[in-house]
Each structure stands twice: as structure tokens, then as C-alpha cells.
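What follows is a single structure, written as C-alpha cells, with notes after it.
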Number of protein chains: 2
Amino acid sequence: METKYSDTELKIRDAAKSLFLKKGYSATTTRDIAQESQINLALLNYYFTSKRRLFEIIMFETLYDFLNKMVEVYNDEETTIREKIELASSKYIDMIIAEPLLPTFILNELKNNPTNFLKMPTAKVIMKSQLISQYNDGVKKGIYKKVDSIHFITNILSLIVFPFICSPIIMKMEKLNKTDFNKMMNQRKKLIPEWIIQMIKK
Amino acid sequence: METKYSDTELKIRDAAKSLFLKKGYSATTTRDIAQESQINLALLNYYFTSKRRLFEIIMFETLYDFLNKMVEVYNDEETTIREKIELASSKYIDMIIAEPLLPTFILNELKNNPTNFLKMPTAKVIMKSQLISQYNDGVKKGIYKKVDSIHFITNILSLIVFPFICSPIIMKMEKLNKTDFNKMMNQRKKLIPEWIIQMIKK
DNA sequence: GTCTATATACGGATAGAC
DNA sequence: GTCTATCCGTATATAGAC
């Protein structure tokens with residue numbers, strides 16, 4: 001256990017993150033946060049100066065953790081391209097099942113404030129990852145179709161992340177409950193790597 | 001030209017839609033809308049009773065138009081499964097290039113209020129569309145892999161829509177401007193049908 | 001239908017006591 | 001560090017004149 005933050009500070013952080021994820025920045029009030037974290041309203045400003053600043057901090061940390069977990073998989077030196085995609089599918093799907101509001105939150109607040117993403121060191125790293133150079137090698141060797149790597153990486157993320165973002169729609173169309181939906185996503189852990197390999201092969 | 005709405009009403013609708021799409025419900029104020037549409041603040045309530053009601057109306061119409069355009073493609077009796085996917089890719093990508101904020105808006109406000117989607121008659125229609133039954137036939141005949149049709153339809157949408165949602169990220173990673181990004185999406189009109197066919201074939 | 005003026009409430013933030 | 005009380009700006013909404 002880290003003791004980086006005091007108890008109250010931690011309570012505020014947790015409540016704030018939970019509410020920002022659920023309702024976004026504007027729809028969340030400082031009073032909401034104070035109530036959810038069981039602290040006095042004035043303490044929020046004492047610790048974090050302003051609502052905006054608190055949000056930026058939460059946002060930055062969330063984004064940082066998320067990107068780190070992503071790059072981790074892509075840069076393993078030992079694994080094949082297929083294994084990386086398998087690992088990515090499996091890890092990301094688990095990650096998002098554990099925190100299903102994460103993708104919408106990130107994509108949303110990124111649209112409003114793309115600058116935050118620029119500051120992230122890890123962002124550029126993805127395009128220079130092991131996974132990308134393995135893919136480009138395959139293209140050069142004529143094993144894979146000659147398609148720009150941006151499509152390759154976009155497709156992986158699309159097939160993994162998008163179903164979560166439109167889960168309300170999917171659940172309505174198929175009359176699924178949350179458990180059913182998660183089962184469907186667990187199926188995709190095996191399906192996505194198959195699909196991706198088929199897509200890139202000549 | 002329809003004359004369904006008076007001039008002022010129309011101005012309010014347009015301004016409201018534009019602002020709700022850009023900033024979402026909470027971050028948009030009635031004053032914003034009044035200013036953008038060049039009308040007096042009080043008129044907003046005169047015509048639409050409340051901000052909430054105005055939003056619901058805009059939301060419903062936007063969703064309705066969107067779903068209708070989608071189903072149109074899926075239900076053509078004449079075309080093959082490949083042609084439908086080609087048409088879908090092409091039409092949806094054009095549609096979203098014309099109104100790039102649409103997907104995020106719909107997915108977002110749907111998360112907050114999934115009930116709106118339930119009311120849509122077209123929602124269920126998708127799963128009973130011509131496209132789905134063509135796919136299921138293919139599975140039955142053993143031409144396609146035995147994978148549930150929900151994955152099939154999810155994949156089509158994922159590959160088309162997701163890149164738009166994370167366009168800020170893609171543009172940052174690849175240092176693209178808006179024109180470059182749209183070019184990339186236009187490439188995908190041809191790529192996505194190829195990919196999808198490869199994914200489903202045995 | 002359109003305007004001005006205003007009621008009413010809420011949200012972010014701080015002063016100042018403890 | 002934590003609390004109460006409160007300031008102040010802004011937001012939604014309406015009353016009432018024209």
C-alpha cells in the first residue's frame with residue numbers, strides 16, 4: 001500500500017474518478033463529489049484548488065495508466081505478432097470489463113481537450129512499438145498485404161474497444177443482460193486474433 | 001422545402017443540434033443556444049418548454065434519421081452480402097465525414113439514457129434485416145464460419161465507426177490533419193468489405 | 001410571437017472560526 | 001486539516017408588457 005496521499009485526499013480522488021467516468025466533467029458537481037466521498041465541500045478546494053484542476057489530475061492519471069498497460073503488450077520482445085494480438089485482446093477486454101466506462105470517458109474528454117493526449121509520452125510510442133515493426137516486416141516480406149500499419153492498429157482497437165462503447169445498443173438489439181454481454185466479449189478474445197490474422201494475410 | 005416549422009423554431013433547432021453535438025447536454029446552456037440562433041432567450045421556452053425537452057426532441061430526430069439511413073442499406077432485396085457491406089461502408093463513411101460529431105454524440109447520450117433507444121422501432125429491425133439472414137444462410141450452408149451474427153454486425157460497425165470516434169488519437173499518432181484523416185477513411189471504403197468477407201469465410 | 005425584467009435555484013469558490 | 005456560513009456568478013425558467 002502506498003501512503004502517497006492522505007486518507008481524505010484519496011477519498012476525494014476515488015469519488016471524483018467514479019463520478020467523472022459516469023457523468024463526464026460538466027454533469028458532475030463539486031457537491032456530488034463531496035457527498036460521494038463523505039468529505040466537506042471546502043476540502044475539495046483545499047486539496048485540489050478547483051474542480052477543473054481536480055479533473056485534470058484524474059484525467060491525466062487515468063490516461064497514463066491506460067496507455068501504459070497498452071504499450072506493455074505491444075513491446076514484448078519475445079512474442080510473435082499473433083501472440084501479441086492474443087494478449088492484447090485478452091488483457092484489454094479484461095481491463096474494460098473491470099472498468100467499462102473507461103473507453104467512452106477517454107474518447108470523450110479527449111475530443112474536448114486533445115491537448116492532454118499530446119502531453120502523453122506513450123502516445124507516440126505505440127507507432128514505434130515492436131508490434132508495428134513486426135507487421136511492417138511482414139508486409140516487406142510479402143507475407144502480409146500492402147496496407148498501411150495505421151489501419152492494422154486501428155482495426156485491432158476497433159474490434160476490441162468499440163463493442164464496449166456501443167454495449168447499450170448491442171444489449172438492446174440482442175436482449176442481453178450484462179453477464180451475457182461479458183460472455184460475448186470473452187468469446188471475442190479468441191475470435192479477434194483469428195480475424196486480424198486473416199485480414200492481413202495475402 | 002418543408003414548412004413544418006416556423007423560422008425561429010428552425011433556427012433554435014439548428015443551433016441546439018449543433019451545440020449539443022459539440023458539447024453535450026450539460027455543457028450547453030440555453031444562453032448559448034439563444035445566442036447561436038440569434039433569438040431571444042425567452043423564445044426557447046416558448047417553443048420548447050424546457051432545455052430538457054428541446055434536447056429530447058433533437059436527440060430523437062437525430063437518432064431516428066441515423067437509424068433509418070442504416071437500415072435502408074441492410075434491407076435492399078437485390079444486392080449480395082458483399083454489395084451491402086460495400087454500400088454500408090461507403091454510405092456511412094460519407095455520412096460521418098459530413099457530420100463527424102454524430103457517433104460520439106449518439107453513443108454518449110445513449111449511455112446516459114438508453115431508454116431513448118428502446119423507443120426506436122428501427123433498432124430491432126437491424127437484427128431481422130436482409131443482411132443478417134443472408135449471413136445466417138451462409139453459415140447454414142457451411143460457406144461461412146459458425147459465428148453468431150451479432151459478431152458479424154458488430155464488426156462491420158466497429159471497423160467503420162470506431163476510427164471516427166478515436167480520430168483525435170489517430171491524427172496525433174500519425175500526425176495527420178483533417179484532410180489526411182478523411183483520405184484514410186476513404187481508403188477504408190474499399191478495405192472494409194474485403195476484410196469482412198475474409199473474416200467470415202471458412 | 002417577441003421582448004424586458006426578474007424570480008429562483010444551483011454551482012464553484014473562499015473567508016474565517018476552530 | 002476540517003468545519004460553517006456565505007459570496008457571487010450563472011443557469012433555467014417565467015411573468016407580464018408590447
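Basis for what follows: all heavy atoms, side chains included, without hydrogens, waters or symmetry-related copies. We name chains A, B, ... by the order of the sequence lines, and we start the count at 1 in each one.
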With no hydrogens and no angle check, is any side-chain donor or acceptor of B:T80 less than 3.5 Å from a backbone partner on B:E83?
yes
What bend angle does the helix from C:dG1-D:dC18 to C:dC18-D:dG1 show across its length, from five-pair end axes and to the nearest 10 degrees?
10°
Just by modelled atom types, is the A:N182 backbone N or O under 3.5 Å from a matching donor or acceptor in the A:N186 side chain?
yes
So, B:K190 and B:E194, do they make that salt bridge, N to O below 4.0 Å?
no
Please state how far atom CG in A:L54 lies from atom P in C:dA13, giving the value in whole angstrom units.
10 Å
Regarding B:R53 and B:N45, do their side chains bring together a donor and an acceptor under 3.5 Å, going by distance alone?
no
Mind telling me whether A:Y144 and A:Y135 have parallel, tilted or perpendicular rings, with 30° and 60° as the class edges?
parallel
From the options B:K22, B:K51, B:K23, select the one residue that forms a salt bridge (charged side-chain N to carboxylate O under 4.0 Å, His left out) with B:D32.
B:K23
Expressed in angstrom and rounded to an integer, what is the separation of B:I12 atom CD1 from C:dG1 atom C1'?
11 Å
Nucleotide by nucleotide, nucleotides 2-18 of chain D touches protein heavy atoms under 4.0 Å in the pattern (B base, S sugar-phosphate only, - none) BBB------BBBB----
The single option from B:K4, B:K17, B:R13 that satisfies salt bridge (charged side-chain N to carboxylate O under 4.0 Å, His left out) with B:E61 is B:R13
Is there a donor-acceptor contact under 3.5 Å linking the side chains of A:Q134 and A:K84?
yes
